[in-house]
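These notes are about the structure you will find just below.
What you see is a predicted model, and the numbers here were worked out from it, not measured in a lab.
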Amino acid sequence: MLDLSYETPKPKVIAGAKHDWELVIGLEVHAQVASKAKLFSGASTKFGAEPNSNVAFVDAAMPGMLPVINEFCVEQAVRTGLGLKAQINLKSAFDRKNYFYPDLPQGYQISQLYHPIVGEGEVLVDMEPGIARLVRIERIHIEQDAGKSIHDMDPNMSFVDLNRTGVALMEIVSRPDIRGPEEAAAYVTKLRQILRYLGTCDGNMQNGNLRADVNVSICLPGQYEKYQETGDFSHLGTRCEIKNMNSMRFIQAAIDYEARRQIAIVEAGGTVDQETRLYDPDKGETRSMRSKEEAHDYRYFPDPDLLPLEIEQAWVDEIAASLPELPDAKKARFVTEFGLSEYDASVLTADTANASYFEEVANGTDGKLAANWVINELFGRLKKEDHSIEDSPVSPAQLAGIIKLIQKGDISGKIAKDLFEIVYTEGGDPARIVEDRGMKQVTDTGAIEAAVDEIIAANPAQVEKAKANPKLAGWFVGQVMKATGGKANPKAVNEIVAAKLGQ
Ligand code: ADP
Ligand code: MG
């Protein structure tokens, strides 16, 4: 049912360089699992709590404490995998990634290096209507988040807040299939949209609930295709990884900077070092943080406190059966069922709240008209007051009521806007308001004719001019509309005016 015929965008080429360098980008997205409790403890994950108030003994790594897996977090990872059309591994296992950091009391992070729970999947990234790129997902593993070090509260001391310690993350690793800064942002946007539809991550980047490590390299035209054919990474350039990006704008700016930096090095005869870099938003540049660490630096080994994770196909099937309709499918359905343009369908399916609001309006009214009113009038009005669709003063039933009045010919588009404003500010049943306030469109041609006659009689000079120049008939139409308080049916007025002027 889903139409996946689309054009793939050309890779982004950086202008101003000696060669036509192309960009190659792969993202590791850390998505905080939407769950009330942490991955291995019952402590709350609530954001913004008093520092160190959501910490179980196991999170603080007290001696003798043992981790107990939170089944719901596993379910969320499986749901995410299914939503990304990925392979679900019935057997996965947890490993310890050992390193020292003050906000990591265990001295290791529990992660899944060798046997992740989710294997290969894909994300269709929409660039513009009809143009999209398929980005392959390499894997998704579950791991613990670390705590937070706070350096700006005291000039002489640093503080540690363990509230985030042990919160479940999904690390979603893409293949290096992204070819430009805009695509990287579009990929994160689409991924976030899918996670939100699934309810597996709230996608709040400001709170750090979704952050990305961005891997960037450059190559000459043709090299990427060779990598695609062979799967051999040596056709690609050396990559740098920009850590912990939590804004779409910064992701794009950092990629752009990084590409230019690497091109300058290579064109001057140098080589790019594989390293981890940090983006400084104030300076708009990336800085080296450390040279690339290798897996063996972390002394990964299977966590002896945790059994391998085994799940049953029947459970996976149950989760699969409970998946909601996802963005691509919803968008395709909106196009076919309601006759919307692909653009309007994307706007309306950006999130589920918008989509279900629209659907309620469109059921029983004309789909295109409904889309117009929701996107142009309602969204515009809500935006003005910083309202979200959830607290819209106009309910779907009320908006549908307004649209039905237009469809029936009871009110003109112009009066409908006035009516919308009344419903928005005062509430009420649209049909009732139109009745009570005499806003009904005059379609009675007798009444319109009378109004036209009156204006013609009062303006003989204008009539002469209009007879010589038919374009001036518009003036009469305007006068009639004015005289009838905008309630005359514009089509009827046009016809009658033309007839009376002998046109
Ligand atoms: P590591 O585990 O060392 O971080 P991976 O091989 O898992 O390395 O890759 C991490 C990320 O880097 C993936 O998203 C991958 O797509 C991306 N990546 C790998 N090679 C390149 C490259 N040459 N250019 C850009 N991104 C790359
Ligand atoms: Mg990595």
Side-chain angles (χ1 to χ4, degrees), residues 28-77 92-117 140-171 200-202 204-211 213 243-244 246 289-290 293 295 297-309:
E28 298 161 273
V29 169
H30 296 264
Q32 183 177 320
V33 175
S35 154
K36 290 204 175 91
K38 296 184 179 181
L39 181 54
F40 296 115
S41 85
S44 165
T45 59
K46 207 167 162 61
F47 183 82
E50 186 71 12
N52 296 309
S53 61
N54 292 339
V55 189
F57 286 132
V58 69
D59 304 323
M62 291 295 163
M65 293 297 121
L66 288 174
V68 177
I69 186 94
N70 177 344
E71 181 181 327
F72 183 67
C73 292
V74 178
E75 183 181 329
Q76 291 286 62
S92 62
F94 290 102
D95 306 298
R96 286 186 183 178
K97 180 182 185 178
N98 299 283
Y99 61 97
F100 172 81
Y101 213 76
D103 56 25
L104 186 74
Q106 285 173 157
Y108 57 84
Q109 176 193 26
I110 304 178
S111 182
Q112 299 187 308
L113 177 70
Y114 301 109
H115 304 287
I117 186 156
I140 303 175
H141 58 259
I142 342 181
E143 62 184 26
Q144 298 175 297
D145 207 345
K148 222 155 79 183
S149 298
I150 302 159
H151 306 295
D152 56 3
M153 260 171 69
D154 187 288
N156 304 313
M157 273 187 285
S158 283
F159 295 88
V160 170
D161 177 5
L162 297 183
N163 281 351
R164 215 175 59 186
T165 308
V167 167
L169 298 180
M170 298 178 279
E171 180 167 334
T200 56
C201 169
D202 73 13
N204 189 328
M205 294 182 86
Q206 253 164 1
N207 292 355
N209 295 354
L210 192 84
R211 31 193 214 267
D213 297 343
K243 276 275 177 210
N244 245 328
N246 66 349
M289 184 175 147
R290 55 174 184 252
E293 70 278 12
D297 294 336
Y298 291 115
R299 308 275 153 135
Y300 276 100
F301 66 88
D303 192 308
D305 288 342
L306 288 159
L307 288 167
L309 186 58

**OP:** Take Lys243 and Asp213 through the salt bridge (charged side-chain N to carboxylate O under 4.0 Å, His left out) test and state the conclusion after the steps.
**Re:** CA-CA 4 Å; Lys243 276 275 177 210; Asp213 297 343; 3.0 Å; yes
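Taken to the nearest 0.5 Å, the CE atom of Met170 stands 11.5 Å off from the NE2 atom of His141. Interatomic distance, CG of Leu306 versus CG of Leu66, reported as 8.5 Å (0.5 Å rounding). Taking CG from Leu309 and CD1 from Ile117, the interatomic distance works out to 5.0 Å, rounded to the nearest 0.5 Å. Once rounded to the nearest 0.5 Å, the distance linking CG of Asp305 with CE of Met65 reads 11.5 Å. Between the CD atom in Gln32 and the SG atom in Cys201 there is a gap of 7.0 Å [rounded to 0.5 Å]. Note that CZ of Phe159 and CG of Asp152 are 10.0 Å apart. Values are rounded to the nearest 0.5 Å.
Between Tyr101 and Ser149 the shortest heavy-atom distance is CE2-OG, 4.2 Å. Asn98 and Tyr300 get closest at one heavy-atom pair: ND2-N, 4.5 Å. The two residues Ala34 and Gln76 come nearest to each other via the heavy atoms O-NE2, 2.9 Å. Across all their heavy atoms, Cys73 and Ala168 have their closest contact at SG-CB, 3.7 Å. Between Val58 and Ser41, the shortest heavy-atom contact is CG1-CB, 3.3 Å. When all heavy atoms of Asp95 and Tyr114 are compared, the pair lying nearest together is OD2-N, 3.2 Å.
Contact check on Arg290 versus Asp297 returns no salt bridge, with no Lys/Arg side-chain nitrogen under 4.0 Å from an Asp/Glu carboxylate oxygen. Taking the charged nitrogens against the carboxylate oxygens, Asp303 and Arg96 do have a contact shorter than 4.0 Å, which makes a salt bridge.
Checked by atom type and distance alone, the side chain of Lys38 never pairs as donor or acceptor with a backbone atom of Arg164 at under 3.5 Å. No donor-acceptor distance shorter than 3.5 angstrom exists from the side chain of Asp59 to the backbone of Leu162, with no hydrogens or angles considered. Remark: the backbone N or O of Gly166 is not paired with any side-chain donor or acceptor of Asp145 at under 3.5 angstrom. Remark: side-chain polar atoms of Gln144 are not paired, donor with acceptor, to backbone N or O of Gln109 under 3.5 angstrom. A donor-acceptor distance shorter than 3.5 angstrom exists from the side chain of Asn163 to the backbone of Ser53, with no hydrogens or angles considered. Side-chain N or O atoms of Thr165 include none that pairs as donor or acceptor with a backbone N or O of Ala146 at under 3.5 Å. Of the possible donor and acceptor atoms, one in the side chain of Asn52 sits under 3.5 Å from a partner among the backbone N and O of Val160. In terms of modelled atom types and a separation under 3.5 Å, the side chain of Asn209 and the main chain of Asp202 share no donor-acceptor contact.
Within 6.0 Å of CZ in Phe57 there are 12 or fewer heavy atoms belonging to other residues, nucleotides or ligands. For OH of Tyr99, the number of neighbouring non-hydrogen atoms (other residues, nucleotides, ligands) closer than 6.0 Å is greater than 12.
Side-chain polar atoms of His115 and Ser92 form no donor-acceptor pair below 3.5 angstrom. Side chain to side chain, Ser111 and Glu143 meet the donor-acceptor criterion of an N or O pair below 3.5 Å.
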